[in-house]
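Quick note: numbers below take in every heavy atom, side chains included, and nothing from hydrogens, waters or symmetry partners.
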Amino acid sequence: MSLASYIGCNVEIPLSDEGSEDLIIIGDCFSDKYNQRDVKKHQFTTPFVYEISSDWGIEISKYINQNTCDESKEKLIELCKIMDSYIDRGDYFELYSCWVGEEADKQVGEIMLRINNFDIEQIEMPEKTLVRFEK
């Protein structure tokens, strides 16, 4: 199984180029259309859903390997930079990470953050946590 991360937003965003080496890849990786349908139905409030990936989903928790946690922090910062260029002031995007196949499971938590105003060292974002980033 793989940890997949999804974003939900109110605007369409372009998919990453095939073979991209970017830190954040927007497009299918671990999931399929049924996983994306489930996360949209059970977790998000937005019309557009995308899987985001590199080699692993985004999870920030004291219970995971420190290197993985540090990489997730780096990915989250990059994701916010990317999304800041697509959403307007007053809009938001949502982030949700879970094991592939668990998209319809109950959330364990919900967090609301400002897209450009949070302390990455203070965030606890385990799997199955819905994070809403407002601009």
Side-chain angles (χ1 to χ4, degrees):
M1 287 185 91
S2 297
L3 185 71
S5 290
Y6 303 93
I7 55 171
C9 53
N10 294 310
V11 295
E12 277 190 89
I13 56 176
L15 300 180
S16 299
D17 293 332
E18 223 175 286
S20 174
E21 296 292 325
D22 292 342
L23 183 61
I24 295 290
I25 307 295
I26 299 170
D28 298 344
C29 181
F30 303 119
S31 70
D32 60 27
K33 65 182 179 180
Y34 302 107
N35 302 124
Q36 293 168 26
R37 178 201 62 203
D38 286 347
V39 79
K40 179 179 179 179
K41 179 180 178 183
H42 296 281
Q43 310 305 335
F44 290 150
T45 63
T46 58
F48 300 102
V49 174
Y50 303 92
E51 183 182 1
I52 58 162
S53 63
S54 51
D55 59 345
W56 197 249
I58 297 174
E59 180 180 14
I60 301 173
S61 171
K62 60 187 172 194
Y63 301 109
I64 62 169
N65 172 291
Q66 188 61 49
N67 286 340
T68 302
C69 189
D70 290 343
E71 288 173 12
S72 287
K73 290 176 182 179
E74 194 176 330
K75 291 176 192 176
L76 182 59
I77 290 168
E78 182 64 21
L79 175 62
C80 287
K81 288 179 188 173
I82 292 167
M83 293 307 294
D84 189 38
S85 69
Y86 290 112
I87 63 174
D88 294 327
R89 174 177 240 118
D91 201 359
Y92 64 93
F93 79 94
E94 297 168 316
L95 171 67
Y96 189 78
S97 297
C98 64
W99 294 98
V100 172
E102 296 182 353
E103 289 80 2
D105 289 5
K106 185 177 179 188
Q107 297 173 10
V108 298
E110 194 168 324
I111 303 169
M112 190 176 304
L113 300 169
R114 300 295 301 168
I115 194 170
N116 291 318
N117 189 21
F118 60 90
D119 182 351
I120 193 75
E121 299 306 324
Q122 299 299 313
I123 294 175
E124 181 77 11
M125 201 178 84
E127 63 180 274
K128 297 184 184 173
T129 299
L130 179 68
V131 185
R132 181 175 169 149
F133 291 91
E134 296 181 343
K135 184 168 179 179

Query - Lys106 and Lys128: CA distance, side-chain angles, deciding distance, side chain to side chain contact (heavy atoms under 4.5 Å, CB included) verdict - result: CA-CA 7 Å; Lys106 185 177 179 188; Lys128 297 184 184 173; over 6 Å; no

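- In this structure, the side chain of Asp22 does not engage the main chain of Ile25 through any donor-acceptor pair within 3.5 Å.
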Requested in this report: Determine, step by step, whether Val11 and Asp88 satisfy the side chain to side chain contact (heavy atoms under 4.5 Å, CB included) criterion, reporting the C-alpha distance in whole Å, the side-chain angles of both residues, the deciding distance to 0.1 Å, and the verdict.
Outcome: CA-CA 10 Å; Val11 295; Asp88 294 327; 5.9 Å; no

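- The side-chain heavy atoms of Val131 and Ile123, taken from C-beta on, include no pair separated by under 4.5 Å.
- Hydrophobic cluster membership is shared by Phe133 and Ile120, with clusters built from Ile, Leu, Val, Met, Phe, Trp and Tyr side chains linked at under 4.5 angstrom.
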Query - CA sep, side-chain torsions, deciding dist, call: Phe118, Leu76, side chain to side chain contact (heavy atoms under 4.5 Å, CB included) - result: CA-CA 11 Å; Phe118 60 90; Leu76 182 59; 4.3 Å; yes

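- Evaluated for a side chain to side chain contact (heavy atoms under 4.5 Å, CB included) with Tyr92, the options Arg114, Arg132, Met83, Met112 yield exactly one hit, Arg132.
- Linking ILVMFWY residues whenever their side-chain heavy atoms come closer than 4.5 Å, directly or via other members, leaves Ile52 and Trp99 in distinct clusters.
- No single ILVMFWY cluster, assembled from side-chain heavy atoms under 4.5 Å apart, contains both Val39 and Ile24.
- Gln66 and Asp70 share a donor-acceptor pair across their side chains, judged by distance under 3.5 Å alone.
- Contact check for Phe44 versus Leu130: side-chain heavy atoms found under the 4.5 Å cut-off.
- Closest approach of Phe93 and Cys9 over heavy atoms only: CB-CB, 4.1 Å.
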Query raised in the report: Could you walk me through whether Asn35 and Glu51 pass the side chain to side chain contact (heavy atoms under 4.5 Å, CB included) check?
Result: CA-CA 10 Å; Asn35 302 124; Glu51 183 182 1; over 6 Å; no

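- Here the side chains of Asp91 and Lys135 are not in contact, with every heavy-atom distance at 4.5 Å or above.
- Other residues, nucleotides and ligands contribute at most 12 non-hydrogen atoms within 6.0 Å of the CD atom of Glu74.
- Separation of atoms CD1 (Ile87) and SG (Cys80) is listed at 8.5 Å; rounding is to 0.5 Å.
- The closest donor-acceptor contact from the side chain of Tyr50 to the backbone of Ile13 lies under 3.5 Å.
- Side chain of Gln43 to main chain of Glu103: a donor-acceptor pair is present (N/O by atom type, distance under 3.5 Å, no hydrogens or angles).
- Residue-environment remark: CG (Asp105) exceeds the threshold of 12 foreign heavy atoms within 6.0 Å.
- With rounding to the nearest 0.5 angstrom, the CD atom of Glu134 is 12.0 Å from the CZ atom of Arg89.
- The closest donor-acceptor contact from the side chain of Ser5 to the backbone of Ile58 lies under 3.5 Å.
- The structure places CH2 of Trp56 at 11.0 Å from CG of Asn65, a figure rounded to the nearest 0.5 Å.
- Atom CG of Asn117 and atom CG of Leu113 lie 9.5 Å apart (nearest 0.5 Å).
- Closest of all the heavy-atom pairs between Ser53 and Gly27 is OG-O, 4.5 Å.
- Residues Glu110 and Thr129 come closest through the heavy atom pair N-CG2, 4.2 Å.
- Remark: the backbone N or O of Ser97 is not paired with any side-chain donor or acceptor of Glu59 at under 3.5 angstrom.
- For the residue pair Glu124 and Ser61, the shortest heavy atom distance occurs at OE2-OG, 3.2 Å.
- Placement of Leu15 and Leu95 within a single hydrophobic cluster is found when ILVMFWY residues are connected by side-chain heavy-atom separations under 4.5 Å, directly or transitively.
- Aromatic rings of Tyr96 and Tyr6 (six-membered ring for Trp) have centroids beyond the 6.0 Å cut-off, not under it.
- Other residues, nucleotides and ligands contribute over 12 non-hydrogen atoms within 6.0 Å of the CG atom of Asp32.
- Within the 3.5 Å criterion, the main-chain N or O of Phe48 finds no donor-acceptor partner in the side chain of Lys40.
- Atom OG1 of Thr68 and atom CD1 of Ile60 lie 11.5 Å apart (nearest 0.5 Å).
- The line from SG of Cys98 to CG of Asp38 is 9.5 Å long, rounded to the nearest 0.5 Å.
- Put simply, the side chain of Pro14 reaches to within 4.5 Å of the side chain of Tyr86, judged on heavy atoms.
- A single hydrophobic cluster is seen to contain both Ile111 and Leu79, as judged by linkage of ILVMFWY side chains at heavy-atom distances under 4.5 Å, directly or through other members.
- Of the possible polar contacts, one joining the Ser16 side chain to the Ile26 backbone as a donor-acceptor pair under 3.5 Å is found.
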